[in-house]
Structures are given as C-alpha cells and as structure tokens.
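Beneath this line is the structure, given in structure tokens, with notes to follow.
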Amino acid sequence: MLDIKNLHVKLEEEDKQILKGVDLSVEAGKVHAIMGPNGSGKSTLSYVLSGRDGYEVTEGSATLDGEDLLELEPEERAALGVFLAFQYPVEIPGVGNMTFLRTATNAQRKARGEEELSASDFLKLVRERAKALKIDADMLKRPVNVGFSGGEKKRNEILQMAMLEPKMCILDETDSGLDVDAMKLVADGVNALRDADRAFLVITHYQRLLDHIKPDVVHIMADGRIVKTGGPELALEVENNGYGDILAEVQ
Amino acid sequence: MALPEQKQSATEARLSAMTLPEPGCTRPAREAALARVREMGLPSRRDEYWKYTRPDTLVQAVALPAAVFENDEKPLFDGVDRLKIVFVDGVFAPELSDDLALEGVRIDRLEDICCKDIHWAKDLYGVLEARGHNPVPRPLAALNTAFATDGVAIHVTQKVSKPINLIYRHKSDTSDAMLHHVVRVEEGAEATLLENGPAASRFNKCMEIDIADGGTLHHVRAQGRDHERRAVTHMFTRLGTESVYKSFTLTVNGVLTRNEQVIELTGDDAVAHVAGACVGDGDFHHDDTVFVTHDAVNCESRQVFKKVLRNGAVGVFQGKILVKAGAQKTDGYQISQSLLLDDDSQFLAKPELEIYADDVACSHGSTSGAIDETALFYLRSRGIPQKDATDLLTLAFLAEAVEEIEDEALAEGIVDRLDGWLSRRA
C-alpha cells in the first residue's frame with residue numbers, strides 16, 4: 001500500500017538533511033511500528049507523508065497504491081486515504097468540533113465523487129463513533145481541541161480517523177501525554193479500525209503502546225534511516241536494552 | 001481659543017453651502033449645535049483624533065459621487081418579522097415603509113415631533129451629542145444635529161414584539177444624506193433596532209439613545225455593500241441603572257466608513273456591549289472609534305472588534321475606556337483584532353484605558369496577523385481544500401464578534417453575508 005523508496009528530505013529553511021534514504025513498505029492490513037531515539041526523523045517522515053510545508057524532498061519517492069504522494073496537496077493526500085494523527089493536535093478557536101468533522105468528512109466524500117452525508121446520517125454516525133471513544137456531546141460542541149486535556153485531544157484524533165475511514169493511518173506518538181487508561185481507550189479505538197484493507201504506521205518511543213496495538217513489523221529508525229527491521233520482539237529488545245545495542249550493532 | 005485659519009475657512013466653506021431647516025421646536029438645539037461646529041471647527045487630517053482616517057471627503061461641501069451597487073442578493077433581515085422604516089437617499093419613504101403603529105413603541109418622524117408635541121424627543125435632540133465632545137470634539141455629529149433633514153423618534157415603552165428596522169436605500173449616485181434619530185427606552189422596556197443599507201453616496205448619521213433604568217436595547221446594523229459610498233456615523237448612548245445596550249455592526253465594503261460609538265454608563269449595574277465585524281477589499285477604509293465612560297458602580301462594558309482585510313484594505317480602531325473616580329467594581333473589556341489576508345493590508349489600532357478608580361478590572365488587547373499556518377495545515381490534512389479551510393478560519397476569527405448578537409436568526413443572517421463575501425474572493 002505505502003511504498004517509500006530512498007527518501008531524502010531536508011528542511012527548506014536551513015541546509016539540514018533529516019531523512020537520508022528511508023526505505024519502507026507497508027502492506028494493506030498490516031501494522032508497522034517505527035521506533036527510534038529523539039531526532040531520528042520519525043516525525044519528519046509523518047509530516048512529509050501528509051504534506052506539511054517546510055520540507056524539501058531531495059531524492060526518492062513515496063507512493064500510496066502507486067500514486068505519487070509527494071506531488072499532491074495535503075487535502076488531496078487525505079482524499080486518497082492518508083491520515084496523520086498529530087502528536088500535538090491543533091486548537092482551533094471559533095470552529096466547532098462537529099462543524100469541523102462534518103466539513104472534513106464531506107470534503108473527502110466530494111473529492112472521491114461520493115455523495116455528501118445528510119445532516120442526520122452524519123449526526124448518527126458521529127454520535128455512535130464518539131460514544132465508543134467516550135467522547136461526550138459537550139466535546140463535540142466545543143471548538144476543535146480548545147480546552148481539551150491531552151487525552152481528550154488524542155481521542156479526538158482517533159474520532160477523526162474513525163469518521164474519515166482512511167486507508168493509511170499514521171500515528172505520530174499518539175501515546176505521548178496519555179495515562180494508562182487513556183492509552184487503552186485510544187488503542188481500542190485504533191484496533192477497532194483494523195481491517196484487511198487498512199494499514200497503520202505507528203510512531204512511538206515506547207513499547208508500551210505496542211502492548212495494546214500489536215504490530216506485525218517493527219522498524220528502528222536512526223539518523224534518518226531505517227536501520228533495523230524485525231518482528232514484535234524487536235520492540236521488547238528496545239524496551240529492555242535501549243537503542244544503544246542496536247545502534248552499535250548496525251554501525 | 002481661535003481656530004487655526006485653515007480649519008476655520010474649511011469649516012465656513014462647508015457651512016456656507018448649508019441652511020438650517022425651517023424654524024421649529026428643534027431650532028434652538030440646531031442653532032446651539034451650529035455654534036458648536038463653529039467653535040470646534042470641522043475635522044482635518046492634522047487632528048490627532050483623525051490621524052488614521054482622512055476626513056476631507058466627509059467635510060468638503062460637495063459629496064463625491066458613488067455608483068449605486070446593483071445586486072440581486074436577498075436583502076438582509078428579509079426573513080425576519082419586523083417593522084420596516086425605509087429611507088431612500090436619506091428621505092423617509094412612507095410608501096415603502098410599514099404602518100408605524102406597533103404595540104409598546106411609538107414612532108414619529110423627526111419633523112413631526114414639534115407639531116405633535118413629543119416632549120421627550122424635543123428634550124433629547126442634540127443633548128447626548130452635546131455631552132459627547134469631551135475629551136475630543138466630534139464636530140461632524142454637531143454638524144448633523146444642526147442640519148439633519150430627516151430621521152425618526154422612537155419611544156419604547158414596553159417590551160416590543162418585533163424588531164424595528166431602519167432600511168437605508170441608495171438610489172442616486174450623488175446623494176448626500178444626513179439623518180438624525182432619537183431613541184428613548186423607558187424603564188423596564190425592551191426593543192431590537194435593526195439598521196441596514198448603504199443610505200447614500202455620502203451619509204452622516206447621528207443617533208442619540210437614552211435608556212432608562214432597567215431598559216434594554218439590542219442594535220444590529222449592516223452597512224450595505226456599495227463599494228464607493230462614504231459614511232460617518234455617531235451613536236451616543238446613555239445608560240441608566242441596570243439597563244442594557246448591545247450593539248453589533250457589520251461592514252462589508254465602502255470606500256470610507258467611520259463609526260463612532262460614545263457610551264456613558266450613568267447608573268449602577270448597567271451593561272454595554274459594542275461589537276463590530278468588518279471585511280474589506282482594496283480601497284476599503286474602515287474606522288471604529290469607541291469611547292466608553294464608566295460613571296457608576298458595578299457596570300460592565302465590552303468592546304469586540306474584528307477586521308478581515310485584503311488587497312490593501314485599511315482598518316482602524318480607536319477605543320477608550322474611561323473609568324471615573326467612584327466607578328468602582330467596573331468590568332471593562334476591549335479587544336480589537338485584524339486578520340490580514342495579504343501583505344498589502346493595514347491595521348492601525350489605538351487602544352486606551354484611563355482609570356481613576358482603584359477597584360476595577362479592565363483589560364484591553366489588540367493584535368494583527370495572518371492566517372495560522374499550523375491550523376490551516378491541520379484542516380487540510382483532514383481533506384478540507386485550502387480555500388475552504390481559509391474561509392473556515394476567517395469565519396472563526398470573526399466569530400467572537402458575531403457571537404455578541406444574541407438573536408440566532410439575526411446572527412445567521414450576518415454569517416450568510418460573511419460567507420457571501422468570502423465566496424466572492426477572486
């Protein structure tokens with residue numbers, strides 16, 4: 001589904017290479033995890049895939065089902081099925097959460113040539129999906145993420161994912177700032193969306209999240225490259241021994 | 001002190017082209033106002049109070065022509081059950097207006113207040129305007145009191161069942177209109193006053209509003225879309241104990257608009273909110289000038305002004321809260337913000353507080369900035385196209401001002417207008 005080949009990325013503003021040849025393939029139905037020390041380029045990878053400004057691709061490619069992602073605007077990538085759950089979800093005063101969800105859902109349906117959801121169908125759907133994530137009516141009414149706790153923000157990200165039903169879900173440190181109960185709730189939300197046509201790329205520092213969202217493949221990223229790939233046991237190895245041994249081994 | 005020669009000659013040049021209306025019961029007030037104009041002189045660019053807005057075209061003897069803007073848009077407030085009072089180029093049009101009879105309110109044409117002996121109106125005409133020249137003169141308001149040719153006297157005695165809508169149509173490219181309204185809200189009475197339309201090529205409006213103890217006035221205004229029109233408006237409002245005044249103004253287009261609000265909280269526990277949303281393009285110049293005086297205990301005032309500017313448009317905000325000695329427990333709030341959609345647009349703000357009481361809470365803030373790129377990316381990453389996302393953030397920026405309108409149907413009408421403006425973007 002997602003194919004990244006030899007991806008090199010630098011910051012637009014300064015001459016600093018962040019990604020130095022990332023190769024990664026994520027198949028439909030699979031969960032891949034990326035772990036790695038701070039500054040290894042994990043978040044940059046998620047931003048580059050979703051189309052954030054400020055990065056320059058100097059070499060390589062990234063495609064989703066054969067479509068070149070890097071040429072597309074962020075909204076076009078979203079319509080193709082890319083979804084990034086933000087590490088720091090953005091607060092938007094003045095825009096109601098419900099309005100936001102409906103506008104986004106219908107914009108994507110429109111871009112895909114599907115009919116827009118009626119107000120009542122949308123309401124029914126959003127209530128049902130919000131309930132599973134323990135998001136109450138008040139959170140739906142309030143402005144997007146404004147005054148939300150850390151846990152509420154992350155649950156709101158998963159609600160957006162549930163409404164938009166993307167093919168390729170990228171979770172950028174979704175576990176950061178969550179207590180154990182909140183993490184369980186978020187993981188349950190993610191697991192409920194797992195199916196044969198959908199893939200996940202879970203970026204995390206810690207093995208903890210992977211206890212709840214079981215990955216098929218674990219990658220270790222360091223200094224802008226994937227340096228090691230293995231099964232779930234690789235995450236445990238990191239948890240027990242840190243990154244030091246792995247990094248020493250690959251150098 | 002004698003006026004500078006230049007100012008005096010500019011003032012006389014304007015006055016020489018004008019004559020006071022026929023003698024009547026407002027004649028003494030008009031003569032006194034004329035004397036005030038001569039004493040103050042009409043504004044010039046050199047006046048500190050007109051530093052950001054050129055008054056020349058408002059002062060000069062002959063109004064610049066302004067093309068009538070034709071559009072097939074549904075008139076604002078069309079779906080609202082209201083009493084319509086229509087003026088065409090500044091002249092009352094009875095054939096276009098509703099019957100002025102409505103329970104709880106008496107409405108008379110200004111020229112009839114003498115023959116019908118409407119005491120309160122005679123006693124109010126020019127009084128709040130005359131009080132409103134301290135610390136800065138507002139000579140264009142005094143000019144209005146002296147020479148206004150039409151207007152209405154609205155006397156609210158109960159809770160009025162539907163809004164009263166002053167509709168200002170612009171038909172002639174060269175119209176130069178001066179309207180003066182007086183409004184009295186009696187104890188415990190309540191009304192909603194709507195105003196909309198461009199009025200004239202050049203429009204000078206003055207409204208004096210006296211709200212008795214426990215009275216409430218809601219005011220919602222939209223200033224019409226004619227691109228070339230010019231307007232200066234003054235609203236002088238005096239509030240009694242536990243009275244409420246809530247005013248919102250939408251300005252979309254117009255080459256020059258100066259809206260002044262002068263508010264005096266004279267009774268304890270009174271509440272005054274003034275808000276404005278303006279969106280402008282190109283040679284649009286819009287100035288909100290607000291002066292709130294707290295002269296009683298435990299009053300609340302709130303000013304919320306938001307401007308969206310693009311293609312070189314200019315926005316101005318001058319706002320002041322004066323808290324007099326003894327006006328303890330004052331709660332004063334003032335925010336003025338602009339969203340600049342490009343590098344060519346400009347926002348000039350002068351927020352001021354002047355406080356002589358020691359137990360008050362007053363805050364003011366002023367910002368100007370561009371669309372938040374982080375928020376824009378967040379919306380786009382959810383599949384919302386860039387233009388829609390920008391529009392959503394623009395409306396969100398204006399929301400705090402629009403939310404000052406309590407009536408939902410009226411607020412929706414205003415949001416529709418803003419949507420229309422956004423959708424017309426090239």
Side-chain angles (χ1 to χ4, degrees), chain A residues 46-55 69 72-97 99-112 114 116 143-146 153 156-157 159-161 163-166 169-170 172, chain B residues 248 250 275-279 304-308 333 335-339 341 365 367-405 408 411-412 414-416 418-419 421-423:
Chain A
S46 73
Y47 285 141
V48 169
L49 291 175
S50 54
R52 189 176 181 137
D53 279 347
Y55 301 99
L69 284 181
L72 301 177
E73 298 293 334
E75 56 268 33
E76 294 171 320
R77 300 181 197 204
L80 270 187
V82 175
F83 181 93
L84 170 65
F86 282 55
Q87 181 179 2
Y88 304 108
V90 181
E91 297 188 5
I92 310 184
V95 177
N97 208 12
T99 306
F100 166 56
L101 286 166
R102 194 175 59 237
T103 308
T105 307
N106 281 333
Q108 291 206 14
R109 293 180 78 97
K110 201 173 151 195
R112 290 196 291 255
E114 299 164 14
E116 294 188 6
V144 179
N145 294 325
V146 177
K153 283 181 181 168
N156 203 31
E157 293 292 288
L159 174 63
Q160 292 163 40
M161 196 161 89
M163 290 304 296
L164 298 174
E165 300 178 341
C169 308
I170 305 163
D172 186 12
Chain B
F248 171 87
L250 170 72
C278 95
V279 291
V304 181
F305 288 88
K306 301 264 188 164
K307 298 176 199 287
V308 176
Y333 175 77
I335 182 107
S336 62
Q337 295 181 309
S338 74
L339 178 62
L341 294 179
T367 64
S368 78
I371 286 273
D372 180 350
E373 290 294 330
T374 315
L376 189 64
F377 172 63
Y378 190 65
L379 295 175
R380 293 177 74 193
S381 78
R382 297 322 185 222
I384 302 173
Q386 179 163 20
K387 185 184 177 304
D388 296 355
T390 305
D391 289 355
L392 203 56
L393 292 173
T394 304
L395 285 175
F397 167 78
L398 293 166
E400 190 187 356
V402 178
E403 279 162 11
E404 291 289 319
I405 305 170
E408 273 182 32
E412 266 172 38
I414 296 295
V415 170
D416 278 350
L418 292 169
D419 272 336
W421 184 80
L422 290 167
S423 70

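Computed over heavy atoms, backbone and side chain alike; hydrogens, waters and symmetry mates excluded. What you are looking at is a predicted structure, and each value in this text was computed from that prediction instead of being measured. In what follows, every chain begins at residue 1, and chains take the letters A, B, ... in the order their sequences are listed.
In this view, B:Glu408 satisfies the side chain to side chain donor-acceptor pair (under 3.5 Å) rule with no residue, not counting sequence neighbours.
More than 12 heavy atoms of other residues, nucleotides or ligands lie within 6.0 Å of OH in B:Tyr333, so this atom counts as buried by the packing criterion.
Rounding to the nearest 0.5 angstrom, the gap separating the CZ atom in A:Phe100 from the CG atom in B:Leu392 is 9.0 Å. Residue B:Leu376 holds its CG atom at 8.5 Å from CG of A:Asp53, rounded to the nearest 0.5 Å. A distance of 9.0 Å separates OG1 in B:Thr374 from CZ in A:Phe86, rounded to the nearest 0.5 Å. Separation of atoms CD (A:Glu157) and OH (B:Tyr378) is listed at 3.5 Å; rounding is to 0.5 Å. Rounding to the nearest 0.5 Å gives a distance of 10.5 Å between CG of B:Leu395 and OG1 of A:Thr99.
The aromatic rings of A:Tyr47 and B:Phe377 lie perpendicular to each other, with more than 60° between the two planes, well past the 30° mark.
Just one of A:Ile92, A:Val144, A:Thr103, A:Val90 meets the side-chain contact (heavy atoms from CB on, under 4.5 Å) condition when paired with B:Leu379; it is A:Ile92.
Under the salt bridge (Lys or Arg N to Asp or Glu O under 4.0 Å) criterion, the residue pairs touching residues 367-381 of chain B are A:Glu73-B:Arg380, A:Glu75-B:Arg380, with sequence neighbours excluded.
In this structure, chain A has no heavy atom under 4.5 Å from any part of B:Glu403. Heavy-atom distances place no part of A:Arg77 under 4.5 Å from chain B, backbone and side chain included. Residue contact with chain B, scored on non-hydrogen atoms closer than 4.5 Å, involves the backbone and the side chain of A:Pro89 alike.
Note: A:Gln108 leads A:Glu91, A:Gln108, A:Glu76 in heavy-atom pairs under 4.5 Å with chain B. Of all the listed residues (A:Gly96, A:Pro143, A:Ala104, A:Ala79), the one sharing the greatest number of non-hydrogen pairs under 4.5 Å with chain B is A:Ala104.
B:Pro385 and A:Ala107 get closest at one heavy-atom pair: CD-CB, 4.0 Å. Nearest heavy atom pair, residue A:Ala78 against residue B:Ser381, reads CB-O, 3.4 Å. Between B:Ala396 and A:Pro93 the shortest heavy-atom distance is CB-O, 3.4 Å.
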